[in-house]
Amino acid sequence: MGPLIARGSCGSLQEGSFKGKMIVVAATMDESAFPWQIDWYRGRVKKHFGDDTDDHYRVYFFDNAFHDDSAKTVDELHLISYLGGLHQALLDLSAWVEKGIEPPKSSVYDIKESQIVLAETAKVRGGIQPVVKLYANGEKGVKAQCGETVQFRTEIEIPEGAGKITKVEWSFEGEQDYPVKTDFNSTENGGFAECSHSYKKTGTHFAAVRVSIQRDGTDNIFTQVKNLDRARIEVI
């Protein structure tokens, strides 16, 4: 399928042979340019450059992202915009070419049943996106009584050289704008944040947390790199 789609989209079959340097930005949930296509081309690049591949090429996968580089997604509770990551990758490419500053390592992944599966931890995964995990009362799914306070904790891991936490936002009742903002605690390779919420209606609810990081830890609006996670709360 790789050669077929390559020919159909650009009229030629890429050989992975190029001069200079390249950073590919890709989305694990891409519904148009399927993620495994990126791995196909990466194989062509490796065939051409061999052991020197890392001197010329990077690929950064962004989890929870569609084929969309707009600032807002079609569903903010399930998706993040990788636009900030794209901007950062462009800056990294410029620094790599013009100043010889090596960018962060490529994303580490496996292919399982035609799906790109990123490494579980940021230390292994690499790339430039944080790894975010959300827990409700210490679990990914929990049962709670109506009106009971549920304790939420998000644990954040940041790949080496990717940046620092700048924002933690929460949505508990399905709000697309993540109205609850909280402080966070930074650690050497990430950090954590905590919040609580009580549900007034029975039923199944999904809490979501969205975390932003920035290379220098600033509020630069163009280079905020995001990720999110969700937890299931069954209110009885």
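We're numbering straight along the sequence, starting at 1.
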- Query: Using 4.0 Å as the upper bound for N to carboxylate O, is an ion pair formed by E120 and K133?
  - Reply: yes
- Item | Interatomic distance, K47 atom NZ to Y41 atom OH [nearest 0.5 angstrom] | 13.5 Å
- Message: Please check this pair: side chain of E173 against backbone of E175, looking for a donor-acceptor N/O pair closer than 3.5 Å.
- Response: no
- Yes or no on salt bridge (Lys or Arg N to Asp or Glu O under 4.0 Å) for E169 and R210, after CA distance, side-chain angles and deciding distance? CA-CA 5 Å; E169 308 169 279; R210 184 170 63 190; 3.0 Å; yes
- Using 4.0 Å as the upper bound for N to carboxylate O, is an ion pair formed by D92 and R215? yes
- Message: With salt bridge (Lys or Arg N to Asp or Glu O under 4.0 Å) as the criterion, how do K143 and E148 come out once you've worked through the C-alpha distance, each side chain's angles and the decisive distance to 0.1 Å?
- Response: CA-CA 10 Å; K143 291 184 178 181; E148 177 185 347; over 6 Å; no
- Query: Quick one: do E102 and R58 make a salt bridge, cutoff under 4.0 Å?
  - Reply: yes
- Is the backbone N or O of G191 less than 3.5 Å from a side-chain atom of E155, with the two atoms forming a donor-acceptor pair by type? no
- Query: Run the side chain to side chain donor-acceptor pair (under 3.5 Å) check on N220 and T218 step by step: do they pass?
  - Reply: CA-CA 6 Å; N220 184 316; T218 74; 5.1 Å; no
- In terms of hydrophobic clustering (I, L, V, M, F, W, Y; side-chain heavy atoms under 4.5 Å; direct or indirect links), are I38 and I80 co-clustered? no
- Contacts of type side chain to side chain donor-acceptor pair (under 3.5 Å), residue Y109, not counting sequence neighbours: D39, R42
- Compute both the distance and the angle, then confirm whether K140 meets the cation-pi test with Y135: under 6.0 Å from the six-membered ring centre, within 45 degrees of the axis. yes
- Aromatic plane relationship, W36 with F34 - under 30° parallel, 30 to 60° tilted, over 60° perpendicular: parallel
- Item | Name of the residue among D63, I213, V211 meeting side-chain contact (heavy atoms from CB on, under 4.5 Å) with N227 | D63
- Message: Using every non-hydrogen atom in the two residues, find where A71 and S81 come nearest and quote the distance to one decimal.
- Response: O-CB, 3.6 Å
- Task: Please round to the nearest 0.5 Å and tell me the distance separating atom NE2 of H87 and atom CD of Q224.
- Result: 12.0 Å
- Answer with yes or no whether the hydrophobic clustering places V225 together with F184; edges join I, L, V, M, F, W, Y residues whose side-chain heavy atoms lie under 4.5 Å apart. yes
- Task: Tell me, please, which residues at least two apart from E139 pass side-chain contact (heavy atoms from CB on, under 4.5 Å).
- Result: none
- Message: I'd like to know if E160 and K123 make a salt bridge, using a cut-off of under 4.0 Å between side-chain N and carboxylate O.
- Response: no
- Backbone of E76 reached by a side-chain donor or acceptor of Y178 within 3.5 Å: yes
- Linking I/L/V/M/F/W/Y whenever their side-chain heavy atoms sit closer than 4.5 Å, directly or via other members, would V59 and I116 fall into one cluster? yes
- Query: Strictly under 6.0 Å, is that where the ring centroids of Y82 and F61 end up?
  - Reply: no
- If the plane angle is over 60° it's perpendicular, under 30° parallel, otherwise tilted; pick one for F49 and F18. perpendicular
